[in-house]
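One structure below.
Lettering follows sequence order; numbering is per chain, from 1. Atoms considered below: every heavy atom in the structure, side chains included; atoms not considered: hydrogens, waters and symmetry mates.
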Number of protein chains: 4
Amino acid sequence: MVRSVDSPLQTAKAWSRSRRRKQPPDGDTRTRILDAAEELFAGGGYEATPTARIAELAGVPKGLVFHYFPRKIDVLISLVDERTVVVEEEVEADPGDAAGALSRLARRLPLRASPAMRRILFREADTHLSVRERLSRLNAEIIRRARFALELALPGGRGDAARLEAAAATFAAVLLYQESICLLTGHHIDPDAVAELIANALH
Amino acid sequence: MVRSVDSPLQTAKAWSRSRRRKQPPDGDTRTRILDAAEELFAGGGYEATPTARIAELAGVPKGLVFHYFPRKIDVLISLVDERTVVVEEEVEADPGDAAGALSRLARRLPLRASPAMRRILFREADTHLSVRERLSRLNAEIIRRARFALELALPGGRGDAARLEAAAATFAAVLLYQESICLLTGHHIDPDAVAELIANALH
Amino acid sequence: MVRSVDSPLQTAKAWSRSRRRKQPPDGDTRTRILDAAEELFAGGGYEATPTARIAELAGVPKGLVFHYFPRKIDVLISLVDERTVVVEEEVEADPGDAAGALSRLARRLPLRASPAMRRILFREADTHLSVRERLSRLNAEIIRRARFALELALPGGRGDAARLEAAAATFAAVLLYQESICLLTGHHIDPDAVAELIANALH
Amino acid sequence: MVRSVDSPLQTAKAWSRSRRRKQPPDGDTRTRILDAAEELFAGGGYEATPTARIAELAGVPKGLVFHYFPRKIDVLISLVDERTVVVEEEVEADPGDAAGALSRLARRLPLRASPAMRRILFREADTHLSVRERLSRLNAEIIRRARFALELALPGGRGDAARLEAAAATFAAVLLYQESICLLTGHHIDPDAVAELIANALH
DNA sequence: TATGAATGAGCTTTCATTCAT
DNA sequence: AATGAATGAAAGCTCATTCAT
């Protein structure tokens, strides 16, 4: 069964609840290590997190972490690899309602990842290539979908391609960073309002 | 279109040239240490940069770094404190031209900081409170100015306050993170296009 | 007069010989570290002894010291905690012979500790609270025993309580510091002579 | 004018009051450095006191300390040399009253030194030879005087020489360390009571 | 005499990683 | 798979001492 991500605004608590239901009671050792790393990387950052604390939080001996993940960076790589899935599937169009389509995109990012993993994805993007690539694909996918939604709603002008591209990229940027912005500056942005805004802008 | 020297997109080299001309000669050892730290923090991140490498790049003995900055974090704090100035001054209004005003805001962020310092500001926001606060103030100032520019151009509707706020916040988010997005994902966003987009959206 | 093996004046070499025979084999790495620390702390003092030299003398890598003792001070604390036992048990009285009882107390301090540990106990008393507390308890115990020995030998006067207390405290002070005095000033004090002296004084 | 030390129990506050009266308002630079060192060495110990903190407390630049005292150890040496004077002068005898003579000795140690300096003398005895020597001389002088006081009061037996020596040494040990004992263990010893005790013991 | 920047050796401590069991 | 002791390189930081001014 697929982990659904109903909204980028889903809380961390709700996420872990939904995950825990589908897994063995405490999860196997490898999973517990990744769980611990996810929490710690999201909280204090990859560099500032010693492997010893990962092991401690996971409740496993220190040496075991290196049994599953030969180098520390492999924990991060595995985390991103296994716990951030960029969903690249086709979506049905809705010719009449660009704002609605964007709004849906905002509420359901093409990304299966916990809030913690989203944070890691943004924060550790320059720690390792694999993280950056994942983020890049996510960004591209959001842009692709936003462009698709907007194209249908537009009469199809000529020089409008550039504006459309800018609109899609803007929408992606806001979606990706609204969470970080809110965490860092306390300033909340309503994705639906942005969706409507962008859709309006192209009329 | 040509990027002016004042643009946030000016190169690192151009920045340091312009700064050196006007900074007081406050003993260049401390300055060299900060220069080195600025470069290294921007490149590899605060946590991943040993003080020894800062000293090495600055061409000073290791101990001297701690003469000026008792703790490593003080280097970061001083850097942000002294090299990122959020400009909070009044700007002239231009009632007729919201897009132009936003465009000008994009080209001339209310922030005096080198590209490297901007990178540090965004990247190390959760490393220390002082960085987060500076970023927060910058974000608030951009929103304030964007709101101001848009207000004048609007007929002055009733329930439009929320839309206006969302537009301003969106604009700020994109401006702040366009540079990071570009670096991380390679996807470039044209600030002028975003300015026009946002302005259009509110008509 | 021959110093018995139980005497506080037994040599360091004799002590370690006797200990090694009966100590449980509790992983000898930790023990070797403590042995080395005991020797070095006694010789040059806690502050003047680098952990690196402890490791070196113990024949273990530097990092291992911190595996067992997270902070340097923990080595001292553990040393005092595990290697200085203040014996607080009841002793049989000897009503007729106060001098003899004191003499026995002098020869057999209510303290199980090597000469080196005794030195550390006295020298590092203001380095850490735990050391001071141990020394305090030792002092109190000697006083308690001395008072007990003297009480029996006294006819049981009225205002003699104060004199008795002073005598006991004096005896304790001399016993505790005779070793230090001898080391520092070269002046030797015979505990037996002091015992006889104090006993006589109360008649 | 000579600094009088009326009693080993004179408080630190009283001492500094009496000294300040006879000196120029803040004392010259060298004096201020020694004052600061005296306070810090007494408080935290020689090894644990950085020269920088001495300078700071003295209110002089760091470099100046090394102008007056080329090596850190010279501060300690000068302190002991100049601020602990062992008084080796003849005293009038009082044939009838051994207890009184000892009591007077206790109240007026043959040592001109502040309480802080006394603490330094005992604590840093194995830090440097010159300190140890000073302590040794002080001990010897106390013993000499105690012996002198006791000799007169005794009938003058033959084998009593050893007992007399032990008594004198005991008295010295208690006097020297009563202050330390009190500080470390909180156990107070009344010098007068000890004086009477020792005097009684030899009858 | 006064000053504080400069120097570098050495300190405590951290940590990724290895390894024997 | 599991365990935690072992390892040593390197980190942040301290500090006595020097030196140019």
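- Residue whose closest nucleotide on DNA chain E sits further toward the 5' end, between A:E47 and C:A52: C:A52.
- Comparing atom distances between the C:P50 side chain and each of E:dC11, E:dA6, F:dA5 picks out E:dC11 as nearest.
- The nucleotide whose nearest atom lies closest to any side-chain atom of A:P61 is, among F:dT7, F:dG4, E:dG8, F:dG4.
- When the P atom of F:dA1 is taken as reference, atom CZ of A:R32 falls 14 Å away, rounded to whole Å.
- Annotation: side chain of A:T51 is not in contact with side chain of A:F69 (no heavy-atom distance under 4.5 Å).
- Between the CG atom of D:L64 and the P atom of E:dA5 there is a distance of 15 Å, rounded to whole Å.
- Here B:T29 reaches the OP1 or OP2 of E:dA6: one of its side-chain N or O atoms lies under 4.0 Å away.
- At least one side-chain heavy atom of C:K72 sits less than 4.5 Å from a side-chain heavy atom of C:Y46.
- Projected onto DNA chain F by closest heavy-atom contact, D:F66 and B:F66 fall at different nucleotides, the more 5' of which corresponds to B:F66.
- Taking atom CD on B:E56 and atom P on F:dA10, their separation rounds to 12 Å, with Å as the unit.
- At whole-Å resolution of the value, OH in D:Y46 and P in F:dC15 are 13 Å apart.
- The distance from atom CD1 of A:I73 to atom C1' of E:dT17 is 15 Å, rounded to the nearest whole Å.
- Closest to the side chain of B:H67, out of E:dG4, E:dC11, F:dT17, is E:dG4.
- Side chains of D:D74 and D:H128 form no contact here, defined as non-hydrogen atoms less than 4.5 Å apart.
- Using a 3.5 Å distance cut-off with no hydrogens or angles, the side chains of D:T31 and D:D28 do pair a donor with an acceptor.
- Rounded to whole Å, atom C1' of F:dA6 lies 13 Å from atom CG of C:D28.
- Across all strands shown, nothing is found opposite F:dA1 as a Watson-Crick or G-U wobble partner with both distances under 3.5 Å.
- Distances were taken from every side-chain heavy atom of C:K62 (C-beta onward) to each of E:dT12, F:dA5, E:dT17; the shortest belongs to E:dT12.
- Side chains of C:D81 and C:S130 form no contact here, defined as non-hydrogen atoms less than 4.5 Å apart.
- Across all strands shown, E:dA16 pairs with F:dT7; the Watson-Crick or G-U wobble distances both stay below 3.5 Å.
- Taking every side-chain heavy atom of B:T51 into account, F:dG12 is the closest of E:dT3, E:dT17, F:dG12.
- Atom NZ of A:K72 and atom P of F:dA9 are 20 Å apart (whole Å).
- Nearest-nucleotide positions on DNA chain F for C:Y68 and D:G63 put C:Y68 closer to the 5' end.
- Atom CZ in D:R53 sits about 19 Å away from atom P in E:dG4, given to the nearest Å.
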